[in-house]
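Beneath this line is the structure, given in structure tokens, with notes to follow.
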Amino acid sequence: IARSCAVVAIPLVFFAVPRYGLGGAAAVMGGTRLLCDGLAMFFAIRQFRIHYPLRFALRILGASLALALVVAPLAEFVLVPPVLLPDTPVDKLAWFGALLGTAALGALGALVFLSVFKLSGGIDPADRQRIRELRLPYAE
């Protein structure tokens, strides 16, 4: 269901792009994907009587919001990438600085996310035990 429903996004993109541009196309693709996956999850929960891990989802949401609150203002107002204009030389040092700044911002975001996730309880002990039983590398 989740995959076949996503086919609807293709014709919707043709309507969205002329009116809303690439942002509209991204919203259509993302929204259709969320709708289809949500529909598949609804059917799976109803059919198999599985329990949705709401507390885990709330911990992920909280950590994601903390990450956004820290990273978004820095990305918007501090980390301004150099603009590439036609017929102007490329300032390689400015691009390298922007690349380093983006990497540092990504590392800061990961640190904030992991810290808040860990402080809010992290992975449930039962899930942690299942991960250990899979014998994945670096699962400890």
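All heavy atoms count here, side chains included; hydrogens, waters and symmetry mates do not. Position 1 is the first residue of the sequence, and the numbers go up from there.
The structure places CG of Asp37 at 15.0 Å from CZ of Phe42, a figure rounded to the nearest 0.5 Å. Annotation: the span from Arg55 atom CZ to Ile60 atom CD1 amounts to 14.0 Å, rounded to 0.5 Å. Rounding to the nearest 0.5 Å places CG of Leu119 at 11.0 Å from CG of Leu114.
Of all the heavy atoms in Ala66 and Val116, the pair that sits closest is CB-CG2, 3.7 Å. Residues Arg128 and Ile123 share a closest heavy-atom pair of NH2-O, 3.2 Å. Minimum interatomic distance between Gly122 and Phe56 (heavy atoms only, all atoms of both residues): O-CD1, 4.4 Å.
Residue Leu22 places its CG atom among 12 or fewer non-hydrogen atoms of other residues, nucleotides or ligands, all under 6.0 Å distant.
Leu67 and Val78 fall within a single hydrophobic cluster, where Ile, Leu, Val, Met, Phe, Trp and Tyr side chains are chained together by heavy-atom contacts under 4.5 Å.
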Distance-only check: which donor-acceptor pairs under 3.5 Å involve side-chain atoms of residues 8-21, not counting sequence neighbours?
none

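A distance-only check finds no donor-acceptor pair linking the side chain of Thr32 to the backbone of Met29 [under 3.5 Å].
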- Stepwise, does the side-chain contact (heavy atoms from CB on, under 4.5 Å) test hold for Leu79 with Leu74? CA-CA 6 Å; Leu79 187 65; Leu74 294 173; over 6 Å; no
